[in-house]
Structures are given as structure tokens and as C-alpha cells.
A.B. asks: 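Quick one: this structure, given as C-alpha cells, is what I'll be asking you about.
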2 protein chains.
Amino acid sequence: MEAITIKDIARALNLSTSTVSRALRGSYEISPETKRLVMEYAERMEYRPNPIALSLKANRSKVLGVIVPQIANHFFSQAINGIEAIAYNRGYHVMIMQSHENYERELIAVQQALVRKVDGLLLSLSSQTTDIAHLQSLHDKKFPLVLFDRVASALDVPKIIADNYEGAFAATEHLIQAGRRRIAHIGIATYMSITQERLAGYRAALEKHGLPFDETLIRHVGLGQHEIDPIVSELLSQSPAPDAIFTASDRLALGCMTALRQFGVQIPEQVALVGFTNLTVAHLLAPPLTTIEQPAQEIGQMAAERLILQIERPQHKPISDIQKLPTKLVVRESTAGGMK
Amino acid sequence: MEAITIKDIARALNLSTSTVSRALRGSYEISPETKRLVMEYAERMEYRPNPIALSLKANRSKVLGVIVPQIANHFFSQAINGIEAIAYNRGYHVMIMQSHENYERELIAVQQALVRKVDGLLLSLSSQTTDIAHLQSLHDKKFPLVLFDRVASALDVPKIIADNYEGAFAATEHLIQAGRRRIAHIGIATYMSITQERLAGYRAALEKHGLPFDETLIRHVGLGQHEIDPIVSELLSQSPAPDAIFTASDRLALGCMTALRQFGVQIPEQVALVGFTNLTVAHLLAPPLTTIEQPAQEIGQMAAERLILQIERPQHKPISDIQKLPTKLVVRESTAGGMK
DNA sequence: TTGTAGGCGTTATCAA
DNA sequence: TTGATAACGCCTACAA
């Protein structure tokens, strides 16, 4: 509403708009006297440059686009937190969009981001995204793009991820060292980078310890929450039944926990549980669930830093364009103050 | 990147930009022939109007600003979800900003939203916000503004909230009907609307059932997570000790649960727990915790609808400008499949 | 039915 | 040191 513009200032001080503009930006070719005058008046009138006009002129916006599968997810909301923190003190704003795990909507979001002239894009792939042509073409046009968490290895852009392989390895090894021998693994959509990385870590740990990789112990579920009961039941019906389950997400882990309890299985006496996690609540509840915690916020920060670097120094190309941030194995024994 | 503009189309078809502009918007004063020509070409070249230019021209943006204390919070991320859903199919985009529970940053966010020419603002107050002059002045300028969840009653703008009073009443009554007599209440920052509403509901339920309102059973904590242990310990040291705790948030409830377990108190045999909640995880874990669940997503949806209404029909003023959405009491017995 | 001109707020170029 | 002018992409009187 009736925001004051450069024009207003110029009129009020009997100057031209160009002089005012220059004065405000501290150009050296303006007399100190005029400068002071303009500055003071601008200050007094609470002048704020119109970023929309600036965007139109400069074709950039000081805005970073962020596209995530969903906001209502602890991992992503924390990542966004990290992104925002960095963006904020580097003078950028953040425009957040959701793909809702849907390829079409991811496309639309990318379009919108472009059309709104974001200076760069931070993106975590929707679970339905297999075709990455839309991102490839961005990259071909040298548009600043950074992927995080769910990435596409085929795309030669900076990627920031949790060290899923290492985390899964640690989780599995933890179970093995606790004496478990038949460790089931429940993952999510197979074609996602995180799924594959975690599966690989699981497999490598088995190999290292001379345990067989048994296909029948591997399951994958979609994002629908209650496919989990039948899967757990199925696994339990094997003989010998698994003595541990390593799940690729906290939701799955919690789902397993509920299922196991329903089936009257003791955790961890009969079946031990380890889950990748995004949820800090697990801490509070201290259930007999060991988790691999992902540095969500740090991932967001790194990604934002990397993107801003790319925006501000387009030529600069680091040696490695994939950064893996360490996960943390947090062990919670059932005895540890938690559920009695 | 070389986006195509009206000018390009005009040049290519040997028309003036105004003709192209009119053709694209389907103006009736353009020959069908020309229209078709322009449309087809635009289609083929994937012309997209530049929203920034449009914003500059029209002084509006088809963007709704959303300011929440934090995104990394289940309640708010779900609310945003609801907002986005409505905005999306009404042709609006959403610009999300965080106040980080900080008054100054709330101010900045509001400024930014204005300066970016959002068409309206959805806001949930930061916990540090007591002075609402910045919002009052917006409203005075007839700027479309809707508050949700954490509102300021002094502000005569539409407000969408959970029925905190009713929910707290139900929670307390539930405890009373379960035979509890000394029900403690732990709330958050006293000056927040939600705190007061919940306290009032608690108090009313006590009154209805002829129980005394005992100041010594009331506690308030900030948002720092681990102020909770001493408070619980304090409450327990009373004699007689409380036989139930009603907390104003799920974090507090979970914190209490942990604290109680540490002190070796049986839940709910010795102390029953009820918490207001934002967390769906509670479901999965099925702890002996009864919750008052808030319709976060619906609150977001209603708020967005209300805001769009206000934007598109500025004169329209509904009779009641505060909408309370019902909460849901979800009872989880300790025996119910949960923690053994 | 179509074109010309001006303006939204800002900056860059060129001239004075 | 300052000012006039044009341009970013679009829309809309007003003219033709």
C-alpha cells in the first residue's frame, strides 16, 4: 500500500530519479551533501526498494527455490530450517514448494520457480520421479541447481546427502555384533537413491561378517502407511524367523514396532529393531529402538551454501560434487529408562 | 534464461505487442484468425507470462504469505499443507516465512511479505509477540490478514483456531471421569492465546465437577525442552501429589512421560497423562497417553479459504470472525497393545 | 480490428 | 556531480 518510491524522493528533494538511485546505492560520483540529504529523507520515509522492480530489471530475485516432496515431514522441515538459516544471513529469501511425491507436480513446481525467477533451485526428488529430463535441461542451461537427500546420480550437479551407505552399514553391523544373524530389511520405493544406498550398506555389512544375503529377507513398501502389518507378519512366518529388522525409515520402524507388539513379539529380545530416522521424538519416548539419525538441518545448510556458491561464482567447480554427511547411530536399550 | 516474451511473439508474427497481449487474454475485440495464430504460436513456443512483470504492473502477485513460528513443527507443517492445498487450486502460490518464535523476525517477515507484494497474509504469532501494532496497522490499511492458531484477540481480523477451550475441557473432564482429583496443568508462555484458552477449559471442567482450582498445580514453561524435569519433580513432591497431568502440548506430554518414568512413577496407574498434540507418531507408539488432537490441516485450509475470500471480495464481512475447529480426544489405555 | 504510447520501480548509459 | 532516456515484460487508454 502506497509504498514510497524513488520517484517520490526525487520529487520531494527536487532531484532526478537517477541521482536518488545513485545516492541510495552510495555511488562515489554523488556529492556527499546530496547523498546525506537523500539518505536521510529515505530513512525518514522508510523507503524500501521494490524487489519486484529489481527482479524485473535484473532478471534475478535473491530468492532460492526449494522443492521438497512434502513439508509435513520432519526430515524435510528440518532441512528447510537449515536452508533458511543460511539463506537468511546471506541475503537470500526462500520460496518453498511441494511436489507431494508426484512427478507432475514436481514439474509444475520447477516451472513456477523458474517463472518467478528464483536465482537457483534446491530439490529433493519426489518418489515418483524417474525421468529427470526437466532437471537435466536446467543444468544444461547452466541454471544453478543442487540436489539433496533424494538425488539422481545421472545428474551431474552438486548433491548433498546423508551417508546412507555408511549409516546402513553401521546399523547392520550393530545388529550383527549384538548377535543377530537373520536380519530383515524393509525399504521404500526401490528406484530411489536413498533406498539403494541403504540396501547396499546393509548388504556390505552382511558380507563383511560372512553372513548370506538372503533375498527373502528384503521387502519394499510404498509410502502408504499400513502395508506394514502383512509384511511383518510374512517375515515372522518364515522359519527360521528373522531375529532383527533394519528399516529404511522411522515411520517404518515405528510401524514395525506396533506390528511386532500386536503379534506378541518381544522387542528386542526376539526381534531387534533399527531404523533410519528423521524424528526427534524417538528420543523422548526412548523405546527399544536404535536409530540412525540423519543430519537433516546440516544437509539443508550445506545444500544452501553450495547453491549460493554456484550462483555467485558460476565458474567455480569443486572436485567432488557429492557430499555425504555422517549419520549417527543412537542406541536405545529397552532397559534404558524407557518403556518398562 | 531466454524466456519468450510477448514482444518476441509480436515480432515473429508481425503484430504489435498489444494485439498479442489481447489475443492471449482472449479479448473479444481481436479477430478469431489473429487470436488463433497468436495462441498457437504461444503454445508452440511455450510462452509463459512473466509473473514479475505482472506483479509490478498490477501491484499484486497471486501469492499468499504465510508466517509461522517454525516450519519444523508438526502442527505448522500440516497447517501449511492445508494452506497450500487450497491456495493451489485457487490459483495462488504460497510464500512461507518463519519468525523463529522471535518478535523482530516476525516484523521482518511481515515487511518482506509486503515488499514482495503478497496479496494477503496468514500468520500465527511468535511466542515472543505481545505488541501487535505491526498487524494492526496492516489491518487498518485494509490489507487482507488472517490469523490462525496463535491469535491476538485484540485484533479484529478473521481468526481460525482449534477449539482449545473445548479440547482442554474434554481432556480435563476425561481425567475427572477416570477418577482423578488432583490434576496438574503444564502450559506454555502465559500470554499466548492458546495457553489461556486451554487453561480456561481446564478450569471450567474442574468447576463443573466441583473440584477446586489449585494454583499450585499450574505450571508454565518456555519452549526450552528441558525445563520439564524439575517441574515434574516439583509437582510430585507435593502432598498429596497430583494424580494426573494435563499438558498443553505433545512435547510437554512426552517430556512428562520421560520424567515420570525416570522418577519411577507408573503411568497411568499413579499419574495419568493427557496432552494436546500435533504429532501423529503418538498413534504409532500407542503409549499410555491420551491426546487432544488438533485439526492442523483443516485449520490451514479454513484460514486460506478465509483469506482468499477476503482478497477477492474485500467488502464481504462474515458475522463471526473467529472460527473454532473441533479437537478430538483420543484415548490410549496403557493396556492397549502399546508398551508392555 | 489493430497499433501507439505511457507507466509500474529501478538501474544503466549517455549527455550535460 | 547531476539529469534525461531507455529498458526490463506486461497491460490499457487512446488513436487510427
Side-chain angles (χ1 to χ4, degrees), chain A residues 1-39 41-42 45-63 91 111-119, chain B residues 1-39 41-42 45-63 91 111-119:
Chain A
M1 355 240 72
E2 10 60 64
I4 180 170
T5 75
I6 278 193
K7 230 184 226 174
D8 299 326
I9 301 182
R11 201 174 317 120
L13 299 182
N14 249 314
L15 291 169
S16 74
T17 56
S18 20
T19 304
V20 174
S21 171
R22 279 184 283 234
L24 286 171
R25 343 193 48 242
S27 166
Y28 56 95
E29 39 180 14
I30 293 288
S31 81
E33 178 54 16
T34 311
K35 241 185 218 175
R36 200 184 45 74
L37 216 64
V38 172
M39 294 290 208
Y41 188 79
M45 304 301 281
E46 299 192 327
Y47 167 77
R48 298 280 176 275
N50 179 332
I52 297 192
L54 288 174
S55 295
L56 183 59
K57 187 113 222 341
N59 224 18
R60 50 184 208 58
S61 56
K62 281 284 187 179
V63 171
Q111 290 295 346
Q112 259 303 312
L114 289 188
V115 104
R116 295 261 169 202
K117 299 284 185 263
V118 299
D119 292 351
Chain B
M1 4 225 59
E2 8 60 66
I4 181 171
T5 74
I6 276 193
K7 229 185 226 171
D8 299 325
I9 301 181
R11 200 176 318 120
L13 300 182
N14 249 313
L15 291 169
S16 74
T17 57
S18 30
T19 305
V20 174
S21 170
R22 280 184 279 235
L24 286 171
R25 341 194 51 242
S27 166
Y28 55 95
E29 40 181 13
I30 293 289
S31 80
E33 179 53 17
T34 311
K35 243 184 215 174
R36 199 183 45 73
L37 215 65
V38 172
M39 294 290 208
Y41 187 80
M45 303 302 279
E46 297 191 328
Y47 167 78
R48 298 278 176 279
N50 180 332
I52 297 191
L54 287 174
S55 295
L56 184 58
K57 184 111 226 332
N59 226 16
R60 51 182 208 62
S61 56
K62 280 283 183 180
V63 171
Q111 290 294 346
Q112 260 302 312
L114 288 188
V115 105
R116 295 263 170 201
K117 299 285 186 261
V118 299
D119 292 350

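Just so it is clear: chains get the letters A, B, ... in the order the sequence lines come, proteins before strands, and each one is counted from 1.
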A.B. asks: So, does B:T17 use its side chain to make a donor-acceptor pair with the main chain of B:I6 at under 3.5 Å?
C.D. replies: no

A.B. asks: Specify the separation, in whole Å, of atom OH of B:Y28 and atom C1' of D:dT12.
C.D. replies: 12 Å

A.B. asks: Taking atom C1' of D:dC11 as reference, at what distance in whole Å does atom CG of B:L56 sit?
C.D. replies: 11 Å

A.B. asks: Under 4.0 Å between a side-chain N/O of B:Y47 and OP1 or OP2 of D:dC10, yes or no?
C.D. replies: yes

A.B. asks: Between the base of D:dG3 and the side chain of A:R22, is there any donor-acceptor pair under 3.5 Å?
C.D. replies: yes

A.B. asks: Show the nearest heavy-atom pair for residues B:S61 and B:D119, with the distance to one decimal.
C.D. replies: N-OD1, 2.8 Å

A.B. asks: Considering just the side-chain nitrogens and oxygens of A:T34, establish if one lies under 4.0 Å of OP1 or OP2 belonging to D:dT2.
C.D. replies: yes

A.B. asks: Check every strand shown and say whether A:L15 touches a base, only sugar-phosphate, or nothing at a heavy-atom separation below 4.0 Å.
C.D. replies: sugar-phosphate

A.B. asks: OP1 or OP2 of D:dA4 sitting under 4.0 Å from any side-chain N/O of A:S16?
C.D. replies: no

A.B. asks: How many angstroms lie between OG in A:S27 and NZ in A:K35, if you round to the nearest 0.5 Å?
C.D. replies: 6.5 Å

A.B. asks: Which heavy-atom pair separates B:D8 from B:A3 by the least distance, and what is that distance?
C.D. replies: OD2-O, 3.9 Å

A.B. asks: Using C1' atoms of five pairs at each end, report the bend of the helix from C:dT1-D:dA16 to C:dA16-D:dT1 rounded to 10 degrees.
C.D. replies: 60°

A.B. asks: In whole Å, I'd like the distance from the CG atom of B:N59 to the C1' atom of C:dG7.
C.D. replies: 13 Å

A.B. asks: Under 4.0 Å between a side-chain N/O of A:K7 and OP1 or OP2 of C:dC8, yes or no?
C.D. replies: yes

A.B. asks: Taking only side-chain nitrogens and oxygens of A:S21, does any of them come within less than 4.0 Å of OP1 or OP2 of C:dT10?
C.D. replies: no

A.B. asks: Quick check on DNA chain D: between A:T19 and A:K57, whose nearest nucleotide comes earlier from the 5' end?
C.D. replies: A:T19

A.B. asks: Quick one: closest heavy-atom pair of A:N50 and B:L56, and the distance?
C.D. replies: ND2-CD1, 4.2 Å

A.B. asks: Just by modelled atom types, is the B:V63 backbone N or O under 3.5 Å from a matching donor or acceptor in the B:K117 side chain?
C.D. replies: no

A.B. asks: Over all strands shown, is B:S18 touching base, sugar-phosphate only, or nothing at heavy-atom distances under 4.0 angstrom?
C.D. replies: base

A.B. asks: Please find the pair of heavy atoms, one from A:E46 and one from A:I4, that lie closest to each other, and give the distance.
C.D. replies: O-CG2, 4.1 Å

A.B. asks: Any idea which of C:dT2, D:dC10, D:dT2 is nearest the B:E29 side chain?
C.D. replies: C:dT2

A.B. asks: Measure CG/B:L37 against P/C:dT1 and give the value in whole Å, please.
C.D. replies: 16 Å

A.B. asks: For B:S16 and B:T19, indicate whether the former's side chain and the latter's backbone hold a donor-acceptor pair under 3.5 Å.
C.D. replies: yes

A.B. asks: Give one of base, sugar-phosphate or nothing for B:R25, where a contact means two heavy atoms less than 4.0 Å apart.
C.D. replies: sugar-phosphate

A.B. asks: What is the separation between atom CD1 on A:I6 and atom P on C:dG7, rounded to the nearest whole Å?
C.D. replies: 17 Å

A.B. asks: May I have the distance from B:N14 (atom CG) to C:dT2 (atom P), rounded to whole angstrom?
C.D. replies: 13 Å

A.B. asks: Which whole-number value in Å describes the distance from A:I52 CD1 to D:dC10 P?
C.D. replies: 15 Å

A.B. asks: Nearest-Å distance, CG (A:L54) to C1' (C:dA12)?
C.D. replies: 13 Å

